[in-house]
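Let me begin by presenting the structure, written as structure tokens, before commenting on it.
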Amino acid sequence: ELMEQARSPEGMLVSKMREMECGTFIGKTVPDEELLELSRKFKLDKEAESKLSDVLAKYDSERRREYMRDLEKHLETSSRPSAMVMMCLKKLGEGLPLGRPGPPAPGCYLDRQRRERDESRRARDG
């Protein structure tokens, strides 16, 4: 799968062999339950879920949980969560902080939750 997407398959192969020699190679990862829950909540596509799983696999459980909490805050404000995951992969891979999430975009998870809450209040009060 990686070879098909690589700009230079030969370079990718050499890079992966070097990782194997150093003991840092991680094959295809299986998303854990916490990641699957996040994926369901924000309806992430399979590619975003898979790449996120691969990147987070190299961190210990504490760091993973920290990144998952930060990422969840970013996804709550994004109207395109899968695209947001893809944009965050570089920072996650380099071990950098994700920073503060932006304001809630129209149609994002928080926006939908707020609208549902407002509609249920109107129905209850009305």
Side-chain angles (χ1 to χ4, degrees):
E1 183 179 310
L2 280 175
M3 298 298 256
E4 293 171 0
Q5 297 171 353
R7 284 183 301 191
S8 168
E10 300 85 12
M12 175 65 74
L13 183 59
V14 170
S15 170
K16 293 298 169 189
M17 288 182 353
R18 198 171 297 128
E19 287 178 9
M20 288 178 194
E21 289 172 351
C22 295
T24 59
F25 176 77
I26 299 173
K28 186 87 173 143
T29 60
V30 178
D32 65 356
E33 191 54 42
E34 191 177 0
L35 180 58
L36 289 173
E37 187 179 312
L38 187 81
S39 183
R40 283 189 292 268
K41 179 178 179 179
F42 296 106
K43 300 179 177 114
L44 299 180
D45 60 33
K46 288 295 176 194
E47 184 180 5
E49 180 183 288
S50 175
K51 289 187 178 199
L52 183 58
S53 177
D54 290 345
V55 169
L56 291 176
K58 68 181 187 177
Y59 295 110
D60 61 60
S61 61
E62 181 59 36
R63 186 75 168 135
R64 257 177 74 70
R65 274 195 293 280
E66 191 178 308
Y67 268 138
M68 293 286 278
R69 280 192 303 269
D70 290 349
L71 188 59
E72 185 169 14
K73 291 174 188 169
H74 283 268
L75 296 177
E76 286 176 343
T77 64
S78 175
S79 58
R80 298 182 322 138
S82 291
M84 176 61 75
V85 166
M86 300 304 266
M87 290 189 302
C88 291
L89 288 175
K90 184 175 182 192
K91 284 185 177 181
L92 291 170
E94 294 174 354
L96 300 173
L98 295 178
R100 291 179 38 171
C108 72
Y109 180 81
L110 289 178
D111 185 49
R112 290 192 310 268
Q113 295 294 93
R114 184 183 48 78
R115 274 194 263 140
E116 288 173 11
R117 198 172 45 246
D118 291 349
E119 287 174 16
S120 67
R121 277 194 198 133
R122 275 191 232 117
R124 188 181 65 226
D125 295 343

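Keep in mind it's a predicted model, so treat the numbers as computed, not measured. The figures that follow rest on heavy atoms only: side chains count, while hydrogens, waters and symmetry mates do not.
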For [X] and [Y], which heavy atoms make the closest approach, and how far apart are they?
X: S79; Y: P106; answer: CB-O, 3.4 Å
X: P104; Y: L110; answer: CG-CD1, 4.3 Å
X: P31; Y: L35; answer: CB-CD2, 3.7 Å

Can you tell me how far apart [atom1] ([X]) and [atom2] ([Y]) are? Round to the nearest 0.5 Å.
X: C88; Y: L96; atom1: SG; atom2: CG; value: 11.5 Å
X: R115; Y: Q113; atom1: CZ; atom2: CD; value: 10.5 Å
X: S39; Y: E33; atom1: OG; atom2: CD; value: 10.5 Å
X: L38; Y: S53; atom1: CG; atom2: OG; value: 11.5 Å

Answer yes when [X] and [Y] have at least one side-chain N-carboxylate O distance shorter than 4.0 Å, and no when they do not.
X: E37; Y: K41; result: no
X: R40; Y: E49; result: no
X: D111; Y: R114; result: yes
X: R63; Y: E66; result: yes
X: E76; Y: K73; result: no
X: E21; Y: R18; result: no

Measure the shortest side-chain to side-chain distance between [X] and [Y] over non-hydrogen atoms and say whether it is less than 4.5 angstrom.
X: E116; Y: S120; answer: no
X: K51; Y: V85; answer: no
X: L56; Y: D32; answer: no

(request) Quick one: do E72 and R69 satisfy salt bridge (Lys or Arg N to Asp or Glu O under 4.0 Å)? Show the steps, please. (result) CA-CA 5 Å; E72 185 169 14; R69 280 192 303 269; over 6 Å; no

(request) Taking Y59 for its side chain and G95 for its backbone only, find out whether a donor-acceptor pair lies under 3.5 Å. (result)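 Between the backbone of G95 and the side chain of Y59 there is a qualifying donor-acceptor contact (under 3.5 Å).
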
(request) Without swapping roles, check the side chain of S78 against the backbone of M84 for a donor-acceptor pair under 3.5 Å. (result)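 Side chain of S78 to backbone of M84, a donor-acceptor pair under 3.5 Å: no, none is there.
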
(message) Do M87 and L98 land in one hydrophobic cluster if side-chain heavy atoms of ILVMFWY residues count as linked below 4.5 Å?
(response)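 M87 clusters together with L98.
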
(message) Do L36 and L92 sit in one hydrophobic cluster, given that two such residues count as connected whenever their side-chain heavy atoms are within less than 4.5 Å of each other, even indirectly?
(response)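 No, it is not one cluster - the side chains of L36 and L92 are not joined through contacts under 4.5 Å.
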
(message) Are there over 12 heavy-atom neighbours, none belonging to R80, within less than 6.0 Å of that residue's CZ?
(response)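 No - once you tally the heavy atoms of other residues, nucleotides and ligands closer than 6.0 Å, there are 12 at most.
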
